[in-house]
2 protein chains.
Amino acid sequence: MSDNKKTTRRVTSVDVAREAGLSRATVSFVLNNTPNQSIPQATRERVLEVAARLGYTPYAPARTLRSGRSDVAVFVLPDWPQGHTMADLIDRAAQVLGEAGLTLVTHVHAGEDDGLARLWSALTPAAVFGMRPFTPQERESMRRAGISAVLPPSQPSDHDLSTSFWIRGIGRLQAEYLIGKGHTRLACALPDDPRLAALGRGRAEGAAQACADAGLPAPVMSTLPMETADAAGVVASWRDAVTAVCAYNDDVALALLAGMRTLGLAAPGDLAVIGADDIPAARFAVPALTTVAQESGEMGARIARALLAALEGGSPELDFLPDTVHVVERESA
Amino acid sequence: MSDNKKTTRRVTSVDVAREAGLSRATVSFVLNNTPNQSIPQATRERVLEVAARLGYTPYAPARTLRSGRSDVAVFVLPDWPQGHTMADLIDRAAQVLGEAGLTLVTHVHAGEDDGLARLWSALTPAAVFGMRPFTPQERESMRRAGISAVLPPSQPSDHDLSTSFWIRGIGRLQAEYLIGKGHTRLACALPDDPRLAALGRGRAEGAAQACADAGLPAPVMSTLPMETADAAGVVASWRDAVTAVCAYNDDVALALLAGMRTLGLAAPGDLAVIGADDIPAARFAVPALTTVAQESGEMGARIARALLAALEGGSPELDFLPDTVHVVERESA
DNA sequence: TTGAAAGCGCTAACAG
DNA sequence: CTGTTAGCGCTTTCAA
């Protein structure tokens, strides 16, 4: 009749020990499979049985406090909307990390305040991955929080995602594809959303690089409003000067196509359009959108493995190689 | 020259106390703004200054171990791709929770293994929100982990998101809109992706409810493959029997439109189509897609407030009322 | 083979 | 007004 008044007290290893008639040490040994301990099979089973029966769960804070290491990895995401690409990446990364005993969580951070410091002190992650390089201050706060595995590393380099192959490579691949089709005057359609500005610039730089490598003039850079009429205006402004465009992503490409339709222009005849990300809507567009897709799951796995390596004390090797990205050829380019 | 060999030791409150020539207790009091303590302003400033200079950060595990409460909230997300809607929801929820001192992280969980139990014991969250009701086992594991604020609550009810207004309301609103336009024979286009099956069913049930309420026959239920040709097949199978369709979401609606185009059919003349979620691509479709949009930010705030209330010991009141969702009328219906 | 005990960093009751 | 102290639950040496 008398139900427990408050929330029932947590089941600790002491409870298990008492119930099993053993000491906490013994319990801890079997629960952690501590090597170099000769525990009789009978005792072992006894502990396991009692633990299960009592519903014992190790208590993370105590464990972390004692061992100095937590089992949490954090991916810090920017506040712009994430799509399938990121979802796949996270899924695979979580899987790889999980196999190594780490639990992956994500945290979206707009980058304004001191939010990240709060994150470290609320979570004490063992490893952190960010979509953009961390500032020296952020890096310092992580060091203080004792986080040893951080990606990307401090030196801006190829590891810097906003300039890495992962980002620039997309633009480069778009431009190379278009150039391969015989186009010589390109444009880059940049995203309207200010949060996407840096990414947009990164991808456009990749495209510019490809043009330079091919001895072509630099692409025209235009930011593309996400309204059909405004998009049409931008398209009109390109008249004759460009024959193909690298859109920041598929959403932008779709806006472009809509603007062109308004003007009575068709892709790829009047203007070739290539997108990025291969969202579900891309294949259903008219014309079906040619786009760049990424093996984001594979990238997630690589990130996870790099993080794990860093945890082991190695220096994180993170390479976003061309093999993780490819063109999906449809009709628009 | 000699750089510190290992990772420099963590700065603890003892360090601050020593440096400031005070005791840890005093330091703790000022750092936590403990009430009912009369600390001279001078001492207070001294502590703050030293703490800042040394770069002191409280250590979560110790704090949590001692106080029995963590500052972490977790949103458990299903493994299907999340879009803008969820991003907005999470952003706002994080903001509201942040103001209350809680840090929000998300974790994607496919629902297969014991992943959630691992999550609790790696994180010790104070509050948890899930997109779907938790199973009794999961609920039990949370209880054991001492998590007091959980949403949705145990009793399947309106709070059960897969049957709540949040989900069913979408389908209901789609159908009501279509019925309001004079349609009497509806179909529901369900998602192909098995991960989306439950959600799809929920939305379709809402639509069926609306038909029943209007004295109309139940809608035809068809799952729609995400391939133009296959989608066309489904559309063809509806011939004459349906004049309007509620698509699970905008991606499905776009596939539908593509299939119709193949058949030489146009919306809304031959078949009216309404989507859900209002993705960016919706407005650029031909014809522009009429869809149902949600005030997901507002919902995020409500979830956060309900969680906070639960933490205070109140019973979580979570209502997804009609005011969080509305039709965006464009051309396809 | 198992038990006793120390201590991780922090908070809060209790002394002084 | 400030310092001393007792644990929170866990791991892990060290002894028995």
Side-chain angles (χ1 to χ4, degrees), chain A residues 7 9-47 50-51 54-71 101 120-124 126 144-146, chain B residues 7-47 50-51 54-71 120-124 126 144-146:
Chain A
T7 63
R9 199 180 52 77
R10 153 175 291 282
V11 179
T12 77
S13 73
V14 194
D15 298 317
V16 177
R18 185 180 333 102
E19 182 77 10
L22 295 168
S23 79
R24 289 145 74 207
T26 309
V27 169
S28 182
F29 287 148
V30 0
L31 257 27
N32 296 328
N33 273 316
T34 311
N36 297 2
Q37 295 289 339
S38 35
I39 313 270
Q41 194 56 24
T43 306
R44 184 176 297 274
E45 281 165 6
R46 173 92 135 320
V47 171
V50 172
L54 262 41
Y56 168 77
T57 324
Y59 190 53
R63 183 194 266 269
T64 303
L65 177 57
R66 177 63 230 230
S67 68
R69 162 169 298 196
S70 87
D71 295 336
W120 315 148
S121 68
L123 229 52
T124 326
R144 279 185 191 139
Chain B
T7 64
T8 36
R9 200 179 52 79
R10 150 175 294 282
V11 180
T12 79
S13 73
V14 195
D15 297 316
V16 177
R18 185 180 332 101
E19 181 78 10
L22 295 167
S23 79
R24 289 146 71 207
T26 308
V27 169
S28 182
F29 285 148
V30 359
L31 257 27
N32 297 328
N33 272 316
T34 311
N36 298 0
Q37 296 288 339
S38 34
I39 313 270
Q41 194 57 22
T43 306
R44 184 176 296 274
E45 282 165 5
R46 172 91 136 319
V47 171
V50 173
L54 262 42
Y56 168 77
T57 324
Y59 189 53
R63 186 194 265 270
T64 303
L65 177 58
R66 177 61 230 230
S67 67
R69 166 170 293 199
S70 86
D71 294 336
W120 314 148
S121 68
L123 231 52
T124 327
R144 278 183 192 140

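For A:R63 and C:dG9, the CZ to P distance is 18 Å, given to the nearest whole Å. Between the CZ atom of A:R44 and the P atom of C:dT2 there is a distance of 10 Å, rounded to whole Å. Taking atom CG of A:L22 as the reference point, atom C1' of C:dT1 lies 11 Å away to the nearest angstrom. Atoms CZ (B:R10) and C1' (C:dG7) sit 16 Å apart, rounded to a whole Å. Rounded to a whole Å, the CG atom of A:N32 is 9 Å from the C1' atom of D:dC10. The distance between atom CG of A:D71 and atom P of D:dT11, rounded to the nearest whole Å, is 10 Å. Summarising the geometry, the separation between OH on A:Y59 and C1' on C:dC8 is reported as 15 Å, rounded to the nearest angstrom. Straight-line distance from the CG atom of B:D15 to the C1' atom of C:dC10: 13 Å, rounded to whole Å.
Across the interface with DNA chain C, nearest-nucleotide mapping of B:T26 and B:L65 shows B:L65 to be the residue nearer the 5′ end. Where B:S67 and A:L31 meet DNA chain D, the nucleotide closest to each residue was compared, and B:S67 sits on the side nearer the 5' end.
The salt bridge (charged side-chain N to carboxylate O under 4.0 Å, His left out) check on B:R66 picks up nothing, with sequence neighbours excluded. Under the rule for a salt bridge (charged side-chain N to carboxylate O under 4.0 Å, His left out), A:R63 has no partner lying at least two apart in sequence or in another chain. The salt bridge (charged side-chain N to carboxylate O under 4.0 Å, His left out) check on B:D71 picks up nothing, with sequence neighbours excluded. In this view, B:A60 and A:T124 satisfy the side chain to side chain contact (heavy atoms under 4.5 Å, CB included) rule, not counting sequence neighbours.
Counting non-hydrogen atoms under 4.0 angstrom, B:P61 reaches nothing in the nucleic acid.
Direction of the helix axis in the helix from C:dT1-D:dA16 to C:dG16-D:dC1 shifts by 50° between the two five-pair termini, rounded to 10°.
Between A:T57 and A:R10, the shortest heavy-atom distance links the atoms O-NH1, 3.5 Å. Scanning all heavy atoms of the two residues, the minimum distance from A:P58 to B:S121 falls at O-CB, 3.6 Å.
In this structure the side chain of B:L31 reaches within 4.5 angstrom of the side chain of B:Y56, judged on heavy atoms.
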Distances under 3.5 Å only, N/O to N/O: pair up the protein atoms with those of nucleotides 4-6 of chain C.
none

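The side chain of A:S13 contributes an N or O atom lying less than 4.0 Å from OP1 or OP2 of D:dC10. Proximity of A:T43 to the phosphate of C:dT2: a side-chain N or O atom is located under 4.0 Å from OP1 or OP2. At the phosphate of D:dT11, OP1 or OP2 sits under 4.0 Å from a side-chain N or O atom of A:S28.
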Pair A:L65-B:Y59, side-chain contact (heavy atoms from CB on, under 4.5 Å): steps then yes or no: CA-CA 9 Å; A:L65 177 57; B:Y59 189 53; 3.8 Å; yes
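No donor-acceptor pair under 3.5 Å is formed between the side chain of A:R144 and the backbone N or O of B:V11.
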